[in-house]
Visitor: 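Pasting in a structure now, in structure tokens, and then I'll have a few things to ask.
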Amino acid sequence: MRFIAMARNRPIRHTKRPPLRGPRKGLALGLVVISLGILTALGLGLLSVGYGARRQAIAAKADLAAMLAAEAGYEKAVFWMSEQQDMLSALQQGVAGTSGRVSFPDSSSSYQISLFTFAGTRPVFRVSCLGRSGVFERKVDVLVVQAISGWDMGMCRVPTSATQTSPVSFTTGEVIDMPVSINERNEYPDQRDIHIIGSPRFKKPVAMGESRRTTGGSDKYYGVMSLFEDGIYFDQPKTRVTDEKTVQKKIDRFRDSTKAEYRYKPVGQAAVSNRQSAVQLEFFVKNGVGSVRVTNNCTVRGVKHDQDWKTYD
């Protein structure tokens with residue numbers, strides 16, 4: 001005989017746990033307070049890290065702005081120097097621009113140009129710039145030498161009349177140990193503006209106002225590139241070394257910086273026809289030392305020939 005057990009549906013009883021009392025209730029409350037404290041500390045730590053990172057970013061930005069402002073002041077100072085006909089005269093006369101300011105929305109810069117020393121016969125200038133942004137300051141202090149100055153060559157031609165010039169060539173055996181600058185002549189057809197016969201040596205940089213190639217694309221300098229030991233640079237701005245105003249400024253500066261007893265005023269002698277008053281400079285070497293003897297109130301006689309190219313003093 002088989003028996004099948006039948007399950008009975010019995011009601012489920014739900015029993016309530018008694019509330020926490022005594023030490024167990026205090027332990028739970030303490031865990032909640034500790035958890036809230038830890039979360040609060042973590043939140044404050046994250047806020048502090050974020051605030052510190054923001055402050056560092058702001059400080060780095062301000063420091064960089066101060067540095068860029070100082071460099072901008074330097075660039076402005078050098079650009080102003082490049083526009084002057086004679087920097088020494090500009091400094092001596094206190095021309096506006098020897099000091100200045102550059103302003104930006106979040107920074108500013110002030111600069112000062114001064115004469116530092118002489119390297120041989122070449123003046124060395126000092127450009128000091130101070131950039132500011134907020135509480136940050138950065139300084140740029142640079143010594144600069146004028147690339148094209150009054151001791152450099154300005155042209156490769158000499159005047160033969162009031163309106164014409166003739167080329168002057170550099171030839172084999174010559175060593176040109178000085179910077180050279182040749183301005184663009186703008187002639188047609190376009191030719192090389194520096195005249196070379198043979199193989200002279202150019203030991204210092206050569207700056208050319210013209211391009212290396214003609215408008216048709218041919219290379220005008222292909223055969224002479226090896227002569228320029230310190231490089232040759234094309235498409236350079238015009239130098240004003242030979243400008244009449246530049247020369248006059250240098251003469252005035254030399255006169256004004258010379259003691260009164262050495263400011264010669266030549267007077268021509270009335271007994272000489274076609275006279276021109278002059279000051280004689282006599283260069284000579286004595287005991288291995290080069291010297292110059294200056295004689296005031298000399299007179300030269302101008303000799304006029306029938307053609308300009310035959311005219312000599």
Side-chain angles (χ1 to χ4, degrees), residues 66-102 109-132 137-154 175-182 201-207 228-233 236-243 245-264 281 283 285-294:
M67 187 66 206
L68 293 177
E71 292 181 352
Y74 167 75
E75 294 292 340
K76 181 177 180 180
V78 172
F79 177 76
W80 181 85
M81 293 173 70
S82 70
E83 294 183 314
Q84 306 310 304
Q85 292 176 328
D86 181 29
M87 264 305 303
L88 288 177
S89 295
L91 290 175
Q92 185 185 46
Q93 298 168 8
V95 176
T98 55
S99 61
R101 291 182 58 84
V102 183
S109 175
S110 58
Y111 69 85
Q112 178 70 44
I113 306 171
S114 59
L115 177 64
F116 182 73
T117 187
F118 279 88
T121 57
R122 298 175 67 82
V124 179
F125 301 100
R126 182 177 184 177
V127 182
S128 299
C129 308
L130 182 63
R132 298 183 180 89
E137 292 185 350
R138 295 296 292 271
K139 189 173 184 180
V140 173
D141 199 348
V142 183
L143 299 179
V144 298
V145 178
Q146 197 169 358
I148 304 300
S149 66
W151 292 274
D152 302 326
M153 183 170 291
V175 178
I176 302 90
D177 193 8
M178 60 180 281
V180 177
S181 179
I182 307 297
R201 292 179 58 194
F202 296 89
K203 300 183 69 174
K204 295 294 177 63
V206 175
F228 304 102
E229 299 179 9
D230 205 16
I232 179 170
Y233 304 91
Q236 298 301 302
K238 180 181 179 181
T239 173
R240 292 180 290 187
V241 169
T242 56
D243 287 357
K245 289 183 178 180
T246 302
V247 175
Q248 188 60 51
K249 280 189 174 183
K250 293 177 180 178
I251 293 174
D252 294 343
R253 171 166 52 82
F254 180 79
R255 177 199 62 205
D256 296 339
S257 60
T258 304
K259 291 183 178 181
E261 58 265 33
Y262 298 113
R263 297 181 189 178
Y264 298 123
L281 301 178
F283 297 90
V285 177
K286 184 177 181 180
N287 297 327
V289 178
S291 303
V292 58
R293 180 183 293 112
V294 184

Visitor: If you look only at pairs with a residue in residues 69-85, which of them pass as a salt bridge (Lys or Arg N to Asp or Glu O under 4.0 Å), with sequence neighbours excluded?
Guide: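 Sorted result for residues 69-85: empty, none.
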
Visitor: To check you understand the geometry: which heavy-atom pair defines the closest contact between A77 and V127, and what is its length?
Guide: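 In this case the closest contact between A77 and V127 is CB-CG1, 3.7 Å.
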
Visitor: Once side chain to side chain contact (heavy atoms under 4.5 Å, CB included) is applied, do any residues pair with A69, and if so which ones, sequence neighbours excluded?
Guide: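 Expected list: F104, S107, S109.
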
Visitor: How would you list, by chain and number, every residue that makes a ring-ring contact (aromatic ring centres under 6.0 Å, His included) with F228, sequence neighbours excluded?
Guide: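 Only F202 meet the ring-ring contact (aromatic ring centres under 6.0 Å, His included) criterion with F228.
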
Visitor: For residues 110-119, run the donor-acceptor check on the side chains, cut-off 3.5 Å, and write out each pair with its distance to 0.1 Å, sequence neighbours left out.
Guide:
unit_1 : atom_1 : unit_2 : atom_2 : d
Y111   : OH     : G97    : O      : 3.3

Visitor: Just jot down the side-chain hydrogen bond (donor to acceptor under 3.5 Å, both in side chains) partners of E229, sequence neighbours excluded, or say none.
Guide: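 E229 satisfies side-chain hydrogen bond (donor to acceptor under 3.5 Å, both in side chains) with R201 once adjacent residues are dropped.
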
Visitor: Determine the minimum heavy-atom distance between V102 and A72, stating which atoms define it.
Guide: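 Heavy atoms of V102 and A72 come nearest at CG2-O, 4.5 Å.
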
Visitor: Evaluate side chain to side chain contact (heavy atoms under 4.5 Å, CB included) for F125 paired with L88, printing each intermediate quantity in order.
Guide: CA-CA 9 Å; F125 301 100; L88 288 177; 4.0 Å; yes

Visitor: Quick one: side-chain hydrogen bond (donor to acceptor under 3.5 Å, both in side chains) partners of S89, sequence neighbours excluded?
Guide: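 Checked S89 against side-chain hydrogen bond (donor to acceptor under 3.5 Å, both in side chains); matches are D86, R253.
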
Visitor: Give me the atom names and distance for the closest heavy-atom approach of V140 to A70.
Guide: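 For V140 and A70, the tightest heavy-atom pair comes out as CG2-CB, 3.7 Å.
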
Visitor: Sequence neighbours excluded, which residues qualify as side chain to side chain contact (heavy atoms under 4.5 Å, CB included) partners of E137?
Guide: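 Once residues adjacent in sequence are excluded, the partners of E137 under the side chain to side chain contact (heavy atoms under 4.5 Å, CB included) criterion are L130, R132.
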
Visitor: Got a sec, which residues hit salt bridge (charged side-chain N to carboxylate O under 4.0 Å, His left out) with D230, two or more places apart in sequence or on another chain?
Guide: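 By the salt bridge (charged side-chain N to carboxylate O under 4.0 Å, His left out) rule, D230 matches no residue at all.
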
Visitor: My understanding is that only residues two or more places apart in sequence, or in another chain, count here; which of them pass side chain to side chain contact (heavy atoms under 4.5 Å, CB included) with D177?
Guide: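 So D177 forms a side chain to side chain contact (heavy atoms under 4.5 Å, CB included) with K203, K204.
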
Visitor: The criterion is side-chain hydrogen bond (donor to acceptor under 3.5 Å, both in side chains); which residues satisfy it with D256, sequence neighbours excluded?
Guide: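 For D256, no residue satisfies side-chain hydrogen bond (donor to acceptor under 3.5 Å, both in side chains) once neighbours in sequence are set aside.
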
Visitor: If the condition is side chain to side chain contact (heavy atoms under 4.5 Å, CB included), which residues does S257 pass it with, not counting sequence neighbours?
Guide: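 Testing S257 for side chain to side chain contact (heavy atoms under 4.5 Å, CB included), a comparison that skips the adjacent residues, returns Q92.
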
Visitor: NZ/K139 to OH/Y74 distance, rounded to the nearest 0.5 angstrom?
Guide: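 Separation between the atoms: 15.0 Å.
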
Visitor: Supply the atom-to-atom distance R138 CZ to C129 SG, rounded to the nearest 0.5 angstrom.
Guide: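 One finds 13.5 Å between CZ of R138 and SG of C129.
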
Visitor: Is it true that D252 and R255 have a side-chain N and a carboxylate O under 4.0 angstrom from each other?
Guide: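 Yes.
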
